[in-house]
Amino acid sequence: MNFVEELKWRGMIHDIMPGTQEQFAKEMTSAYIGFDPTADSLHIGSLVQIMILVHLQKAGHKPVALVGGATGMVGDPSGKSKERNLLDEETLNHNLKCMQAQLEKFLDFDCGENSAEVVNNFDWFKEFSFLDFIRDVGKHMSVNYMMAKDSVKSRLETGMSFTEFSYQLVQGYDFYWLWKNKKCMVQLGGSDQWGNIVTGTELIRRKGGGQAFAVTTPLIKKADGGKFGKTEEGNVWLDKTKTSPYKFYQFWLNSSDEDAKNYIKIFTLKSQEEINSIITEHEQAPHLRVLQKALADEVTTRVHSAEDLEMAIKASNILFGKSTADDLKSLDEDTFLSVFDGVPQFEVSANDFNCGIVDFTVEKTQVFGSKGEARRMLKSNAVSINKEKVNEEKQISSTDLISNKYILVQKGKKNYFLIILK
RNA sequence: GGGGAGAUACUCAAGCGGUCAACGAGGGCAGACUGUAAAUCUGCUGGCUACGCCUUCGUAGGUUCGAAUCCUGCUCUCCCCA
C-alpha cells in the first residue's frame, strides 16, 4: 500500500495538495515536518506527526524532522488567540536538544538513501540578515496574500505583533530552503499548518520556479469534543520523567470506545485487518477492553519499552484488579516497589504518624493541594487508604503501614499515591 | 496626534456603594451507575487554627462608617478619526 493510501484509511489526511500522490508514486521523495520547541519534551499531540514520518519511511520515502530553532524564536500565531511569549535562547536550546533525542527514537537513521534526518532551521537562519531576508524573501510575498491567511485574519481584531505576522514567511522559507538544498518536495503537518505550508509552496513557485506539495493531518479531538492528550495533570509527555510509563499506559487504556477506534489507526502500525478484528472482538465483549489494551500496549512499547509496558500492566492489574488490602500486604517488597514505580510518591519519617488524615495528606505529604481540597474529597467519599475508604475522622498511625514501610493513598478511582517511610 | 470603549476567579461572562468569595455558562474534580468506557443523575470548584477569620475583581493611591462597584494617576488592550 502506498504512503497516501495508508494515511487515508487511517484517517490521517485532512487536506492534500493536488499532485502530491503522483509525486510519491514517481520517486523516493523527502518530506518534512516541523516541531515547535515550546517545551523540553514532545507530547502525544506530536506523536501523530511522528507516526506520519514513520509511515513515510516505511513506504520507502525519506523523513526529515525539522526542529524549529529559528521559528521557535518567532512564535507561530496559528490557532493562537493571543500573542505568544518568547522563549529565551537558553531554554530554546535545551528544548531543541531534548526533542531531537526523542525524535531519534522513532525513525531509522541508518537505512541507506531513505535514512531519516533531523535538521534545525536555525542553521540557515543564523547567517541570514534581516535586510537580506526582506529583500530576498519578503519581496516575493504580498502583504495582501499574507493577510488573507486564517491565522492572521482571526487576529486582526485582537491584534498581533509584526513578529508573529512574519512567522509564515519564516516557515515558508524553511520549506523553500529544504526544497532547494535537500530536494525536499513535501511538507507534512497538522491542519493548522496549512496556511504556513502553502506560503512555502508559493514561495517555491515564485522564487524558485518549482513545485512542492503538502499533506496535513486532522486535528485530533475526543468524541465528546474535548481536547486530545490532556489529563488532570496536563499534557501527556513522551519523556518518562514527565509522564511515567504507568501513567502513559493508563492514558491510552482509559480512552473511550469511540476514541480508541480512531486512535488505534493513528497511533499503531497494525494493519487494517488486524484492527478490524480487534474492533469486532471488542464489540462482542466490551468489558474486556481488548481494544484499549491493544492500543495502550503498542503505543507504550514504541514510546517507552517492552519492560516499561510489562511493569505498567502489572501495576494496573494490582491497582485496578480485585486486589484488597491483604493482597497488597502479601506482595514482596521488590514487586511492590517496581509496581509503584510510576505512581507519584512521597516520603515521610516515623514521627509524621499519629495525625489526622487531613494533615497527613496535605502537610506531611502533598497528595492534596490544600486542606479545603482534602476535606472536600473526604466528604465526597473519594479517599482510600490501602484500598479502604476513609472519612475525615481517620487517624494515620504506623499500623496502616504495609510491610512496615508503605501507605497507599487513593484519590477517586484512578489516582494513586505512594507514601514511603524512610 | 485626536476621540471612544474596556481590563472581574481556569475560560466566557454578570455585578455598578453595603445582603459579594462575587449570578450564570463552559471546563475541571469527585460520588452513584458501569467495563478503569460513553450517556445520565448528584455534589464540589480562593485560603485558614472554619457557625468565625484572611486574601482576591489590571495596578498604585484617594473619597466613604463601608468599594469589584465612586474619584485620580499608571500599565495594558481594542475601536474610530488623522
Side-chain angles (χ1 to χ4, degrees), chain A residues 77 79-85 152-162 164 221-236 244-264 278-279 281-297 299-300 312-324 339 342-344 355-359 361-363 366-385 387-393 408-417:
Chain A
K80 304 282 186 303
S81 55
K82 282 194 185 122
E83 183 80 13
R84 301 216 311 194
N85 290 323
V152 175
K153 248 197 294 189
S154 61
R155 287 277 292 278
L156 247 32
E157 290 276 302
T158 51
M160 108 190 276
S161 66
F162 176 71
E164 285 193 19
K221 275 211 287 219
K222 294 197 286 183
D224 61 13
K227 272 189 204 132
F228 165 76
K230 296 272 180 185
T231 65
E232 188 192 340
E233 288 90 32
N235 277 325
V236 178
S244 70
Y246 161 76
K247 290 233 157 173
F248 188 84
Y249 177 80
Q250 282 288 324
F251 170 81
W252 298 101
L253 197 65
N254 267 306
S255 42
S256 70
D257 291 10
E258 204 69 10
D259 292 333
K261 285 177 200 165
N262 296 325
Y263 297 169
I264 199 165
I278 290 171
I279 291 179
E281 193 186 335
H282 178 261
E283 277 167 353
Q284 277 158 8
H287 59 282
L288 296 177
R289 301 212 321 291
V290 181
L291 177 59
Q292 282 87 343
K293 282 180 185 159
L295 170 68
D297 285 9
V299 183
T300 307
I313 293 178
K314 219 179 215 174
S316 301
N317 285 339
I318 289 169
L319 297 175
F320 292 101
K322 299 230 183 313
S323 60
T324 60
V339 158
V343 173
C355 65
I357 178 79
V358 174
D359 278 349
T361 50
V362 179
E363 279 171 13
Q366 287 76 47
V367 173
F368 298 113
S370 74
K371 296 193 178 181
E373 186 190 357
R375 293 207 178 88
R376 274 199 302 278
M377 288 300 153
L378 286 157
K379 212 165 279 170
S380 55
N381 201 26
V383 183
S384 300
I385 297 289
K387 301 223 106 189
E388 279 163 14
K389 295 280 186 194
V390 296
N391 61 28
E392 213 173 313
E393 308 297 306
L408 187 64
V409 181
Q410 204 176 340
K411 171 193 151 205
K413 247 186 289 208
K414 300 178 195 172
N415 305 290
Y416 288 88
F417 304 88

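Numbers restart at 1 for each chain; the letters A, B, ... are given by sequence-line order, proteins then strands.
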At a cut-off of 3.5 Å, list every protein nitrogen or oxygen paired with a nitrogen or oxygen from nucleotides 31-33 of chain B, distance to 0.1 Å.
unit_1, atom_1, unit_2, atom_2, d
B:G31, O4', A:S380, O, 3.3

Produce the list of close N/O pairs, under 3.5 Å, pairing protein atoms with atoms of nucleotides 46-49 of chain B; give distances to one decimal.
unit_1, atom_1, unit_2, atom_2, d
B:G47, OP1, A:S370, OG, 3.2
B:C48, OP1, A:K371, N, 2.8
B:C48, OP2, A:G372, N, 2.9
B:U49, OP1, A:K371, NZ, 2.8

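Separating the NZ atom of A:K379 from the P atom of B:U45 is a distance of 10 Å, rounded to the nearest angstrom. Summarising the geometry, the separation between CD1 on A:I264 and C1' on B:A37 is reported as 15 Å, rounded to the nearest angstrom. Rounded to an integer number of Å, the gap from A:L378 CG to B:C29 C1' is 14 Å. Rounded to a whole Å, the CG atom of A:N254 is 18 Å from the P atom of B:U34. If you measure from atom CD of A:E258 to atom C1' of B:A37, you get 10 Å, rounded to the nearest angstrom. The distance from atom CG of A:L253 to atom P of B:U34 is 19 Å, rounded to the nearest whole Å. Per the geometry, NE2 belonging to A:H282 stands 11 Å off C1' belonging to B:A38, to the nearest Å. The CD atom of A:Q284 sits 18 Å away from the P atom of B:G35 (whole-angstrom rounding).
Separating the OG1 atom in A:T361 from the CE atom in A:M377 is a distance of 11.0 Å, to the nearest 0.5 Å. Distance CZ/A:F248 to CG/A:L253: 12.5 Å, rounded to 0.5 Å. To the nearest 0.5 Å, atoms CG (A:N254) and NZ (A:K247) are separated by 11.0 Å. Between the CG atom of A:L378 and the CZ atom of A:F368 there is a distance of 6.0 Å, given to the nearest 0.5 Å. Note that the CD atom of A:Q292 and the CZ atom of A:F251 stand 12.0 Å from one another [nearest 0.5 Å]. The CG atom of A:L408 sits 6.5 Å away from the CG atom of A:L319 when rounded to the nearest 0.5 Å.
For B:G18, the paired base is B:C65 (Watson-Crick or G-U wobble, both distances below 3.5 Å). As the counterpart of B:A9, no nucleotide is assigned, since no Watson-Crick or G-U wobble pattern has both distances under 3.5 Å. The base-pairing partner of B:C78, taking Watson-Crick or G-U wobble contacts with both distances under 3.5 Å, is B:G4.
Across the P atoms, B:U72 and B:A13 are found 26 Å apart, a figure rounded to whole Å. Nucleotides B:G28 and B:A37 have their P atoms positioned 15 Å apart, rounded to a whole Å. Nucleotides B:G18 and B:G31, compared at atom P, are 41 Å apart to the nearest Å. Comparing B:G46 with B:C57, their P atoms are spaced 15 Å from each other, to the whole Å. Nucleotides B:G4 and B:G61 have their C1' atoms positioned 26 Å apart, rounded to a whole Å. Nucleotides B:U45 and B:C20 are separated by 16 Å at their P atoms, to the nearest Å. Using C1' as the reference atom, B:C23 and B:C29 are 22 Å apart when rounded to the nearest Å. Spacing between B:A60 and B:C76 at atom P, rounded to whole Å, works out to 16 Å.
Between A:Y263 and A:W252, the ring planes are perpendicular. Angles over 60° get that label, and only those under 30° would be called parallel.
Applying the 90° criterion around 0 to the glycosidic angle, B:C79 comes out anti.
Annotation for A:A312 and A:Y246: closest pair CB-CA, 3.9 Å, computed over non-hydrogen atoms. Closest of all the heavy-atom pairs between A:A294 and A:I264 is CB-CD1, 4.1 Å. In this structure, A:Y416 and A:V343 approach most closely via the heavy-atom pair O-CG1, 3.2 Å.
Atom CD of A:E258 has 12 or fewer neighbouring heavy atoms from other residues, nucleotides or ligands inside a 6.0 Å radius.
Of the residues in residues 287-295 of chain A, those placing a heavy atom less than 4.0 Å from an atom of RNA chain B are A:H287, A:R289, A:Q292, in numerical order.
Between A:K371 and A:D359 there is a salt bridge, with a side-chain nitrogen of the basic residue lying less than 4.0 Å from a carboxylate oxygen of the acidic one.
Judged purely by atom type and a 3.5 angstrom limit, A:N415 uses its side chain to pair as donor or acceptor with the backbone of A:K411.
Taking only side-chain nitrogens and oxygens, A:K222 never comes nearer than 4.0 Å to OP1 or OP2 of B:A37. For A:N415 and B:A30, the shortest distance from a side-chain N or O to OP1 or OP2 is below 4.0 Å.
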